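Heavy-atom basis, side chains included; hydrogens, waters and symmetry copies ignored. Positions are given from 1 along the sequence. These numbers come from a predicted model, not from an experiment.
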Amino acid sequence: TPEDYGFHMPEKKNSFKIDLNEKSSVKKIIGVVSGKGGVGKSFVTSMLACEMARRGYRVGVLDGDITGPSQTKAFGIHDKAMGDGKYIYPYITKNGIQVISTNMILDSDETPVIWRGPMVANILKQFYTDVVWDNVDYMFVDMPPGTSDVPAFQSFPLDGIVVVTSPQELVSMVVEKAINMAQSMDIKVLGLIENMSYVECPNCNEKIEIFGKSHINEVSEKYGLPVLAKI
């Protein structure tokens, strides 16, 4: 259970503001968000982390998608989190990325997370406050999907967010909701990434838009945000 690893559930409502423990250091925190699930937010999070590690930075990945964690699968992690009764220690990948995820405190990867909303929010905060983040230059937070979990935005001292989308019309609409929410909370939107944008024919190099015509440029122009990548 989470309690076995030192996580706790206070009865009183917590303040939204959270701070690192005295053994941790994180310079920049980037949230990776999407208007809805299933567009590749977790994939983009892991790829951003690997790219920054490749460039020589010290990187951390906080899997904030508590009920649908994906980062242990992305990084091939099967070990459980280690703790000393006061602190939790993240898993260190072969390329030096520090990772913490819900799957690392469950009996198995297939164990469903059926905790209530307040407990999910508190575990999310404690992944930041109780884990020892060793001199991290960039922390990437795989945020919960959708725009309903406002405390997730308010809890972390985010330096900015990257919004992940896919070409479908519906997705463009919900992405705009995510952008509007971030801007209303004075969180900087660093840019947009469109996943599943197209497939390139290996014979003629034609780009085929399997999921329909992209609308990301329209959203980009409307909000004055850069398109960081089309994957």
To the nearest 0.5 angstrom, please state how far the [atom1] atom of [X] sits from the [atom2] atom of [Y].
{"X": "I187", "Y": "L158", "atom1": "CD1", "atom2": "CG", "result": "5.0 Å"}
{"X": "I208", "Y": "S197", "atom1": "CD1", "atom2": "OG", "result": "12.5 Å"}
{"X": "D159", "Y": "I161", "atom1": "CG", "atom2": "CD1", "result": "12.0 Å"}
{"X": "I179", "Y": "L192", "atom1": "CD1", "atom2": "CG", "result": "5.0 Å"}
{"X": "M139", "Y": "W133", "atom1": "CE", "atom2": "CH2", "result": "4.5 Å"}
{"X": "I100", "Y": "Q98", "atom1": "CD1", "atom2": "CD", "result": "10.5 Å"}

(request) Could you walk me through whether M47 and F140 pass side-chain contact (heavy atoms from CB on, under 4.5 Å), step by step? (result) CA-CA 10 Å; M47 292 301 290; F140 293 95; over 6 Å; no
Minimum heavy-atom separation for [X] to [Y], with atom names?
{"X": "V33", "Y": "M143", "value": "CG1-CG, 3.5 Å"}
{"X": "S166", "Y": "V39", "value": "OG-CG1, 3.6 Å"}
{"X": "N195", "Y": "G40", "value": "ND2-CA, 3.5 Å"}
{"X": "C50", "Y": "N95", "value": "SG-ND2, 4.1 Å"}
{"X": "D130", "Y": "N21", "value": "C-ND2, 3.8 Å"}

How about [X] and [Y]: do any of their side-chain heavy atoms sit closer than 4.5 Å?
{"X": "P167", "Y": "E209", "result": "no"}
{"X": "L48", "Y": "I30", "result": "no"}
{"X": "K23", "Y": "Y89", "result": "yes"}
{"X": "Y128", "Y": "V141", "result": "no"}
{"X": "T102", "Y": "F127", "result": "yes"}
{"X": "H78", "Y": "Y91", "result": "no"}
{"X": "S24", "Y": "V131", "result": "no"}

(message) Using side-chain hydrogen bond (donor to acceptor under 3.5 Å, both in side chains), reason through E206 and Y198 one step at a time and then give a plain yes or no.
(response) CA-CA 10 Å; E206 177 188 0; Y198 59 88; over 6 Å; no
(message) Looking at D137 and R58, is any side-chain nitrogen of the basic one under 4.0 Å from a carboxylate oxygen of the acidic one?
(response)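 No, R58 and D137 are not salt-bridged.
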(request) Using modelled atom types only, decide if a donor and an acceptor are shared between the side chain of N103 and the backbone of T72 within a distance under 3.5 Å. (result)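 No, N103 side chain to T72 backbone: no donor-acceptor pair under 3.5 Å.
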N/O donor to acceptor pairs below 3.5 angstrom from side-chain atoms of residues 219-231, sequence neighbours left out:
from, atom 1, to, atom 2, distance (Å)
S220, OG, L225, O, 2.3
K222, NZ, E176, OE1, 2.9
Y223, OH, E176, OE1, 2.9
Y223, OH, N180, ND2, 3.4

(message) Checking K177 against M181 for the side-chain contact (heavy atoms from CB on, under 4.5 Å) test, could you report, in this order, the C-alpha distance in whole Å, the side-chain angles of both residues, the deciding distance, and whether it holds?
(response) CA-CA 6 Å; K177 289 185 178 181; M181 186 173 78; over 6 Å; no
(message) According to a hydrophobic-cluster definition based on side-chain heavy atoms being under 4.5 Å apart (Ile, Leu, Val, Met, Phe, Trp, Tyr only), do M104 and I92 belong together?
(response) no
(request) Would you mind telling me which of S70, S46, S42, S101 makes a side-chain hydrogen bond (donor to acceptor under 3.5 Å, both in side chains) with D142? (result) S42
(request) State whether the number of non-hydrogen atoms from other residues, nucleotides or ligands found under 6.0 Å of M52 atom CE is greater than 12. (result)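 Result for CE/M52: enclosed.
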(request) Check the pair I193, V162 against side-chain contact (heavy atoms from CB on, under 4.5 Å), reporting the backbone distance first and the verdict last. (result) CA-CA 7 Å; I193 293 179; V162 172; 3.7 Å; yes
